[in-house]
Trainee: 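First the structure, then my questions, so here it is.
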Amino acid sequence: MDHSVTRMIIITKVTEMIANELKITIAEARDLFYESPICKLLEDDSTGLYGDAPRRTFELFMKDYKNKK
């Protein structure tokens with residue numbers, strides 16, 4: 001089954017959350033997310049992350065982002 005539409009919805013919502021949380025532009029947030037290991041997990045159907053709520057993906061991203069700082 002193709003989950004590309006679901007992933008795009010999640011990416012859009014997560015990007016908005018990142019932009020709001022970090023006070024950055026949508027473009028900057030999108031770049032941060034696409035470069036993150038969390039995005040790679042989202043793209044991998046075997047992880048099942050595409051089935052989680054965008055909030056969960058955002059929380060995983062923020063945890064990873066804060067650990068890198």
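Treat the numbers as computed from the prediction; the structure is a model and nothing was measured.
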Trainee: Is the shortest heavy-atom distance from the side chain of R30 to the side chain of C39 under 4.5 Å?
Mentor: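 No, side chains not in contact.
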
Trainee: Would you say that more than 12 heavy atoms from the other residues, nucleotides or ligands in this model lie under 6.0 Å from the NZ of K63, or not?
Mentor: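 Not buried by this count: 12 neighbours or fewer within 6.0 Å.
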
Trainee: Taking NZ, NE, NH1 and NH2 as the nitrogens, is one of them in D44 or R7 under 4.0 Å from a carboxylate oxygen of the other?
Mentor: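 Between R7 and D44 there is no salt bridge, as every charged N stays at least 4.0 Å from the carboxylate O atoms.
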
Trainee: Evaluate the side chain to side chain contact (heavy atoms under 4.5 Å, CB included) criterion for residues F58 and E21: first the C-alpha distance (whole Å), next the side-chain angles of each, then the deciding distance (0.1 Å), finally the verdict.
Mentor: CA-CA 10 Å; F58 168 72; E21 179 73 19; 3.9 Å; yes

Trainee: Quick one: pull up CG in D64 and CD in E59 and give me the separation to the nearest 0.5 Å.
Mentor: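 Going from CG on D64 over to CD on E59, the span is 14.0 Å.
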
Trainee: Mind listing the closest non-hydrogen atom pair of R55 and M17 along with its distance?
Mentor: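 Smallest interatomic distance, heavy atoms only, reads N-CE, 3.9 Å.
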
Trainee: How long is the span from the OG atom in S36 to the NZ atom in K68, to the nearest 0.5 Å?
Mentor: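 It comes to 7.0 Å.
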
Trainee: When rounded to the nearest 0.5 angstrom, what is the spacing between CG in L49 and CD1 in I38?
Mentor: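 One finds 7.5 Å between CG of L49 and CD1 of I38.
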
Trainee: To the nearest 0.5 Å, tell me how far I10 CD1 sits from H3 NE2.
Mentor: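 Result: 10.0 Å between the selected atoms.
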
Trainee: For residues F33 and M8: do they belong to one hydrophobic cluster (side chain heavy atoms under 4.5 Å, members Ile, Leu, Val, Met, Phe, Trp, Tyr)?
Mentor: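 Linked, F33 and M8 end up in one cluster.
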
Trainee: State yes or no: do F61 and I9 share one hydrophobic cluster built from I, L, V, M, F, W and Y residues joined by side-chain heavy-atom distances below 4.5 Å, directly or via other members?
Mentor: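 No; I9 is not reachable from F61 via cluster members.
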
Trainee: Report the C-alpha separation of L60 and D52 in whole Å, then their side-chain angles, then the decisive distance to 0.1 Å, and conclude whether the side chain to side chain contact (heavy atoms under 4.5 Å, CB included) test is met.
Mentor: CA-CA 11 Å; L60 290 171; D52 285 347; 5.6 Å; no

Trainee: May I have the step-by-step check of side chain to side chain contact (heavy atoms under 4.5 Å, CB included) for Y65 and I18, ending in yes or no?
Mentor: CA-CA 10 Å; Y65 179 80; I18 293 168; over 6 Å; no

Trainee: Measure from the side-chain N and O atoms of E35 to the backbone N and O of L32, and report whether any donor-acceptor pair falls under 3.5 Å.
Mentor: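 Answer holds: no.
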
Trainee: First locate atom OG1 of T15, then atom CG of N20, and finally report the distance between them rounded to the nearest 0.5 Å.
Mentor: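 CG of N20 is found 11.0 Å from OG1 of T15.
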
Trainee: Testing the basics here: between A19 and A29, what is the closest heavy-atom pair and its distance to 0.1 Å?
Mentor: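 The answer is N-CB, 3.6 Å.
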
Trainee: Once rounded to the nearest 0.5 Å, what's the spacing between atom OH of Y50 and atom OG1 of T6?
Mentor: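 It is 8.5 Å, given to the nearest 0.5 Å.
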
Trainee: Hydrophobic cluster membership, with links at side-chain heavy-atom distances under 4.5 Å among I/L/V/M/F/W/Y: are I24 and I11 in one?
Mentor: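 Hydrophobic grouping puts I24 with I11.
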
